[in-house]
A.B. asks: 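Have a look at this one before I ask anything.
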2 protein chains.
Amino acid sequence: MKTLVMVVEDDRGLREQLVQILATASDMECVGAFASGESALTHISKKQPDVVLMDIRLPGMSGIECVSEIRKFAPAMQIIMVTIYEDSERIFRALKAGANGYLVKSSPPDQLLEAIRDAYKGGAPMSSHIARKVIQHFHMIGPSLKEADNLSPREREVLDLLSLGFIYKEIGAKLNIGSETVRTYVKNICQKMHVRSRLEAVAKHRSAS
Amino acid sequence: MKTLVMVVEDDRGLREQLVQILATASDMECVGAFASGESALTHISKKQPDVVLMDIRLPGMSGIECVSEIRKFAPAMQIIMVTIYEDSERIFRALKAGANGYLVKSSPPDQLLEAIRDAYKGGAPMSSHIARKVIQHFHMIGPSLKEADNLSPREREVLDLLSLGFIYKEIGAKLNIGSETVRTYVKNICQKMHVRSRLEAVAKHRSAS
DNA sequence: TAAACCATCCCCCACTTGGGGTAAAAATCA
DNA sequence: TGATTTTTACCCCAAGTGGGGGATGGTTTA
């Protein structure tokens with residue numbers, strides 16, 4: 001079974017180049033190459049590609065918007081951005097919109113094919129510089145304040161669920177423990193983090209993550 | 001000029017294995033192999049490695065703590081975590097502490113060497129599954145929800161204070177309004193943001209920022 | 001002008017949470 | 001092995017919160 005790939009790229013030269021690269025791989029099949037996000041969206045449901053190569057700069061709808069749209073009905077489809085932009089702003093917006101990978105256009109053909117295979121297998125292919133920028137984002141948001149450091153794994157688990165807005169009952173149900181036990185955890189967490197309420201703990205927790 | 005590499009790994013077998021792999025690379029030189037974070041820290045200033053391979057589970061100080069310590073005096077040193085742990089929790093803590101890469105221990109030798117070169121050149125080597133988990137983090141914090149958009153200025157003000165962990169009384173005092181009024185705002189905010197509680201609203205609010 | 005929205009305040013009631021405990025089984029460490 | 005930490009669970013009580021109302025002016029807008 002071949003991996004089905006779709007290309008969305010407005011520059012005709014580059015688009016045909018991508019299609020040709022795909023043709024050289026015996027384990028892949030190009031099921032469509034479009035010049036705009038709009039035209040890609042009208043065909044994507046029928047074609048059901050496994051992986052989509054998406055340019056960011058497109059006429060009309062941007063590649064990032066297109067990713068958002070695709071994600072609404074195909075949460076598991078693999079989408080790799082292929083673009084010249086290396087600014088953190090676009091990278092993060094694309095990733096937040098739901099992209100699974102991010103390659104710069106200068107990537108050599110074999111790296112492109114390897115990236116498609118990687119994405120298909122559940123990886124997240126990124127060009128070297130892109131990966132570094134992503135990692136740097138974590139350095140920025142910094143060493144998680146030591147306040148949350150000495151929480152036990154279970155306590156951290158509770159704190160995470162708390163951060164998602166669940167009440168004790170629900171957390172208890174999810175973790176298969178009683179809500180009273182959850183209360184105990186929260187009390188311990190509040191003590192360890194030197195805050196008065198679960199809400200402050202969540203605020204502190206999120207600002208550190 | 002060879003790339004200077006240091007190894008921090010408590011398991012003797014694996015440590016010597018890593019040293020041997022490094023010995024096979026003509027462009028690298030192992031300048032130290034330590035069994036604990038503490039001993040590594042006492043020698044790292046003299047050895048001045050370009051890249052450090054760091055285990056997470058270590059006796060005494062954890063690998064993550066060790067990374068934090070190294071970052072205090074060597075912000076530019078490349079540190080690659082080499083570990084069996086693939087849980088998001090540890091990955092993010094390590095990255096936040098300042099790690100530049102994250103490999104699982106099952107990585108083959110040539111991938112390890114390539115990762116060291118990648119890190120040295122300014123990349124951020126990650127095993128396939130690790131990269132996916134990092135990317136998923138961005139999917140989680142999602143496309144900045146616009147749900148908080150149609151809040152009135154006053155409501156936003158209340159939401160901000162709420163996010164800092166204040167209770168209604170305190171917010172009322174700060175804004176010179178009654179706590180009952182604050183309650184009304186929070187109720188409206190919850191309605192507008194389609195959530196059940198102030199905590200969910202805060203979670204949504206912060207994750208969108 | 002009427003409708004819509006905003007900011008402000010109040011009531012009731014059931015549920016949830018914070019703060020204070022106690023305690024035992026399980027896992028981990030020394 | 002013994003000591004410590006982690007995980008689990010329960011108690012009481014006072015305070016805070018969520019959900020449902022209603023009410024008064026003021027401003028904007030259709």
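Keep in mind that what you see is a predicted model, and the values were worked out from it rather than measured. Numbers restart at 1 for each chain; the letters A, B, ... are given by sequence-line order, proteins then strands.
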A.B. asks: Between A:Glu170 (CD) and C:dT16 (C1'), how many Å, whole number?
C.D. replies: 12 Å

A.B. asks: To the nearest Å, give me how far apart CD1 (B:Ile171) and P (D:dG16) are.
C.D. replies: 13 Å

A.B. asks: When we call it a touch if two heavy atoms are under 4.0 Å apart, what does B:Ser197 touch: a base, just sugar-phosphate, or nothing?
C.D. replies: sugar-phosphate

A.B. asks: Tell me whether A:Lys47 at atom NZ has more than 12 heavy atoms from other residues, nucleotides or ligands lying less than 6.0 Å away.
C.D. replies: no

A.B. asks: Whole-Å distance between D:dT17 P and A:Leu199 CG?
C.D. replies: 9 Å

A.B. asks: Quick one: on DNA chain C, does A:Lys169 or A:Cys190 contact a more 5' nucleotide (nearest heavy atom)?
C.D. replies: A:Lys169

A.B. asks: Is a side-chain donor or acceptor of B:Gln111 paired with a backbone partner of B:Pro108 at a separation under 3.5 angstrom?
C.D. replies: no

A.B. asks: Could you please spell out the steps behind the salt bridge (charged side-chain N to carboxylate O under 4.0 Å, His left out) verdict for B:Glu9 and B:Lys105?
C.D. replies: CA-CA 11 Å; B:Glu9 161 67 59; B:Lys105 279 189 177 170; 3.1 Å; yes

A.B. asks: Check this for me, if you would: do A:Asp87 and A:Arg90 make a salt bridge, where the nitrogen-to-carboxylate-oxygen distance has to be below 4.0 angstrom?
C.D. replies: yes

A.B. asks: A:Thr181 side chain N/O closer than 4.0 Å to the phosphate oxygens (OP1, OP2) of D:dA9?
C.D. replies: yes

A.B. asks: Taking atom P of C:dC15 as reference, at what distance in whole Å does atom CD1 of A:Ile167 sit?
C.D. replies: 12 Å

A.B. asks: From CZ of A:Arg154 over to P of D:dT6, roughly how many Å is that when rounded to an integer?
C.D. replies: 14 Å

A.B. asks: Mark yes or no for whether A:Thr184, through its side chain, and A:Glu180, through its backbone, hold a donor-acceptor pair below 3.5 Å.
C.D. replies: yes

A.B. asks: With respect to the side chain of A:Tyr168, which nucleotide from D:dG18, C:dG18, D:dG16 is positioned closest?
C.D. replies: C:dG18

A.B. asks: Using a 4.0 Å heavy-atom cut-off, does B:Thr184 contact any base of the nucleic acid, only the sugar-phosphate backbone, or nothing at all?
C.D. replies: base

A.B. asks: Without decimals, in angstroms, what is the distance between A:Arg198 CZ and D:dG16 P?
C.D. replies: 13 Å

A.B. asks: Heavy-atom count around B:Lys174 NZ within 6.0 Å, excluding the residue itself: above 12?
C.D. replies: no

A.B. asks: Hey, are A:Glu155 and A:Lys187 close enough for a salt bridge, meaning a charged N less than 4.0 Å from a carboxylate O?
C.D. replies: no

A.B. asks: Whole-Å distance between D:dA9 P and A:Glu155 CD?
C.D. replies: 15 Å

A.B. asks: Identify the pairs formed between an N or O of the protein and an N or O of nucleotides 12-14 of chain D at a distance under 3.5 Å, and give each distance.
C.D. replies:
none

A.B. asks: Heavy atoms only, 4.0 Å cut-off, all strands: where does A:Tyr185 land among base, sugar-phosphate and nothing?
C.D. replies: base

A.B. asks: Rounded to whole Å, how long is the line connecting atom CG of B:Asn188 with atom P of D:dT17?
C.D. replies: 16 Å

